[in-house]
> 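I have a structure here, written as structure tokens, and I will follow up with some questions on it.
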Amino acid sequence: MSQPFYLTTAISYVNAKPHVGHAYEFIVSDAICRYRRMQGRPVFFLSGVDEHSATVEKAAEEAGQHPRDYCDYMAEVFLNLHRLTGSSLSDFIRTSEPRHHDTTKELLRRAYAKGDIYKGHYEGWYCFSCEAFYLADDLLDGELCPVHKKKAEWRQEENYFFRLSRYAEAIKRHFEEHPDFNVPVMYRNEMLALLDRGLQDISISRSTTRWGITLPWDESNVSYVWFDALSNYLTGVGFLKDEALFNTYWPADVHVIGKDINRFHSVLWPAMLMSCDIALPKMVLVHGFVYHKGEKMSKTIGNIVDPVSLIEQYGRDPLRYFLLREIAFGQDGNYSEDALINRYNADLANDLGNLFSRVLAMIKKYREQRVPRTAGIDGAFQEVISKIRRAYVESMEQYAPHLALGAVWDLVSKANDYVQKQEPWALAKDPNKKDDLDRVLLNLAEALRAVAVMIHPFMPGTSEEMLKRLGFPLDGGFPLLKDLEHAGLCAGNTIDVGASLFPRIDKTK
Ligand code: MSP
């Protein structure tokens with residue numbers, strides 16, 4: 001059997017509605033999962049919501065609701081965004097669920113038994129929005145949090161601590177022995193620098209709130225934020241509950257996260273797992289931030305981009321395409337409506353949409369809607385398709401979806417050139433060129449099949465529609481990459497021209 005693949009996203013805080021940054025993380029993660037399914041691998045794709053935090057408690061209070069009611073509502077809002085963005089989720093976890101309480105308590109119990117949790121007193125710089133302490137060195141001038149640029153506060157606490165400091169050396173060794181543990185490399189380097197500076201123990205409980213998971217040995221404290229958040233990745237694949245599922249999917253292959261929470265995933269999480277004698281995940285894959293026209297999105301500026309309205313206006317696949325193509329994975333990227341419309345019109349309506357309509361219209365007109373089966377394959381053109389398929393696979397293996405899409409569009413443009421060069425309309429006028437026309441049409445249909453399969457991770461709806469019109473109904477299944485190793489599968493298929501895939505957007509309206 002093919003090797004199972006387990007991918008997680010960060011679980012979102014539910015203190016505010018999701019923005020386009022959340023949508024980006026869902027979409028990137030979904031694209032990777034779909035690609036793995038196209039390789040024939042069994043995939044478990046987990047996302048969810050992080051409900052126990054002070055910011056969530058505050059948001060519930062402001063909404064005049066009990067945190068539970070507030071979270072019920074917000075969990076649905078996030079799940080709905082997954083539906084709208086097309087996430088092929090296997091499960092959606094809420095940290096307030098009993099199954100997750102059991103996991104967190106077990107981890108706390110194990111770490112406590114190891115002597116890695118102790119009661120202590122702590123003072124330090126605390127960022128309320130990060131829900132984390134910072135060293136004075138980490139803060140920007142004016143004691144500002146490096147992520148939120150808000151003033152950190154000096155806090156004193158009496159609660160339980162996790163001996164993170166004990167694991168600094170072991171984690172460093174793990175980084176050295178597993179160069180792919182934390183990628184891309186710039187984020188790995190940041191973590192190595194942090195490890196070099198040494199680690200401080202971290203506070204993991206609060207006695208001031210009841211909204212959370214109580215510590216097994218001290219009911220007056222609840223677990224705080226990261227301990228009960230990171231452990232969701234275990235709960236999601238049946239930790240303590242479903243041994244077969246857990247053994248199939250753990251350790252996770254990829255944790256997809258944004259750059260602001262790398263240290264929790266690449267440093268704290270491995271330490272927790274080491275303390276609890278659980279295998280470490282294989283990769284923490286870090287993406288950059290999506291900005292709005294170069295600016296961080298914030299309520300105060302009023303520039304938050306709502307992904308739901310973008311999907312309503314431009315459609316799911318165009319938004320997916322835009323984000324995956326426009327943002328070089330790992331780096332920060334920008335959203336603007338103008339850039340989205342430009343890409344839509346140039347890449348989707350013009351390059352891909354026109355090619356598809358044109359080729360199908362010619363097959364309809366010249367060959368009674370059937371892809372010719374007789375004249376054989378054009379070796380040189382097939383080699384172009386194979387080469388691009390290899391570049392695509394290589395980019396996907398390196399988690400560079402923007403480059404994979406670049407490769408696919410290279411094929412789209414080569415197919416457009418092929419049409420121009422071969423002039424099928426001229427061949428159609430000459431009865432002696434019947435075989436040539438057959439060959440050209442078959443090759444173009446094959447190029448479109450390759451494009452349709454390769455865009456599946458990025459634009460699943462468009463991929464399915466294209467394949468259906470080319471005579472390969474998927475019936476809800478996934479296309480398989482290995483089918484691209486066989487040339488000529490379109491031959492003899494009845495095609496369906498249908499409506500334009502991407503009608504042009506008129507910017508003036
Ligand atoms: N609850 C924690 C994660 C716990 S994981 C065990 C959290 N939640 S969050 O809602 O603030 O962020 C969820 C994810 O969205 C994180 O990976 C975060 O980096 C990402 N993003 C938040 N803002 C973003 C952008 N503007 N752009 C891209 N991703 C961003 O952190």
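Just so you know, these numbers come straight off a predicted model, no measurement behind them. Whatever order the structure lists ligands and atoms in, that order sets their numbers, starting from 1.
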> Before accepting this row, confirm whether a basic side-chain N of the pair R320/D30 lies closer than 4.0 Å to the acidic partner's carboxylate O.
yes
> On the 0 to 90° scale, with breaks at 30° and 60°, tag the H52-H101 ring pair as parallel, tilted or perpendicular.
perpendicular
> Do any nitrogen or oxygen atoms of Y233 lie less than 3.5 angstrom from nitrogen or oxygen atoms of ligand 1?
no
> How far is atom 19 (O) of ligand 1 from its nearest protein heavy atom, and which residue and atom name does that atom have?
D260 OD1, 2.5 Å
> Can you tell whether the side chains of R343 and E326 come within less than 4.0 Å, N to carboxylate O?
yes
> For atom 31 (O) of ligand 1, what is the closest protein heavy atom, and at what distance to 0.1 Å?
I261 CG2, 3.6 Å
> Under a heavy-atom criterion of less than 4.0 Å, does H265 contact ligand 1?
yes
> Show the atoms of ligand 1 that are less than 4.0 angstrom away from any heavy atom in A10.
5 (S), 14 (C), 16 (C), 17 (O)
> Report yes if some N/O of G258 lies less than 3.5 Å from some N/O of ligand 1; otherwise report no.
yes
> What atoms in ligand 1 come closer than 4.0 Å to a heavy atom of I257?
17 (O)
> Below 4.0 angstrom from a heavy atom of A229, which ligand 1 atoms are there? Numbered from 1 as shown, please.
6 (C)
> Considering only NZ, NE, NH1 and NH2 on the basic side and carboxylate oxygens on the acidic side, decide whether D332 and K259 come within less than 4.0 Å.
yes
> I need the minimum non-hydrogen distance between Y24 and G288, along with the two atoms involved.
CE2-O, 4.3 Å
> Where is the nearest protein heavy atom to atom 11 (O) of ligand 1: which residue, which atom, and how far?
Y13 CD1, 3.4 Å
> Tell me which protein heavy atom sits closest to atom 12 (O) of ligand 1, plus the residue, atom name and distance to 0.1 Å.
H22 NE2, 4.0 Å
> Under 6.0 Å between the ring centres of H82 and F26?
yes
> Is the F264 to W226 ring centre distance short of 6.0 Å?
yes
> Please step through salt bridge (charged side-chain N to carboxylate O under 4.0 Å, His left out) for the pair K293 and D338, ending with a clear verdict.
CA-CA 10 Å; K293 295 187 190 155; D338 235 23; over 6 Å; no
> So which heavy atom on Y224 is nearest to which on A54, and how close?
OH-CB, 2.9 Å
> So that I can tick it off, tell me whether K282 and D180 are bridged by a salt bridge, with the cut-off set at under 4.0 angstrom between side-chain N and carboxylate O.
no
> For atom 3 (C) of ligand 1, which protein heavy atom lies nearest, and how many Å away is it?
I11 O, 3.2 Å
> Is any N or O atom of V290, backbone or side chain, closer than 3.5 Å to an N or O atom of ligand 1?
yes
> Please report whether ligand 1 has a polar contact with F289, defined as an N or O pair separated by less than 3.5 Å (distance criterion only).
no
> In a check of side chain to side chain contact (heavy atoms under 4.5 Å, CB included) between N232 and each of I93, T103, T8, which one passes?
I93
> When you measure from atom 29 (N) of ligand 1 to every protein heavy atom, which one gives the shortest distance, and what is it?
H287 CE1, 3.2 Å
> Provide the number and element of each atom of ligand 1 under 4.0 Å from a heavy atom of D50.
1 (N), 2 (C), 4 (C)
> Would you mind telling me if ligand 1 is within reach of the side chain of K296, the backbone, both or neither, using heavy atoms under 4.0 Å?
neither
> Which atom names give the shortest non-hydrogen contact between P457 and Y392, and what distance separates them?
CG-OH, 3.4 Å
> Of all the heavy atoms in Y291, does at least one lie under 4.0 Å from an atom in ligand 1?
no
> Between Y24 and ligand 1, is there a nitrogen or oxygen pair with a distance under 3.5 Å?
no
> So is F264 in contact with ligand 1, going by heavy-atom distances below 4.0 Å?
no
> Tell me the protein heavy atom at minimum distance from atom 23 (N) of ligand 1, and give that distance in Å.
H19 CE1, 3.3 Å
> I'd like to check whether K259 has a polar contact with ligand 1, where a contact means an N/O of the residue lying under 3.5 Å from an N/O of the ligand.
no
> Please write down residue, atom name and distance for the protein heavy atom closest to atom 14 (C) of ligand 1.
E25 OE1, 3.4 Å
> Any ion pair linking K507 and E337 (charged N to carboxylate O, less than 4.0 Å)?
no
> Does at least one non-hydrogen atom of G288 fall below 4.0 angstrom from an atom of ligand 1?
yes
> Counting both backbone and side chain atoms, is some N or O of S12 under 3.5 Å from an N or O of ligand 1?
no
> H456 and Y35: aromatic ring centres closer than 6.0 Å?
no
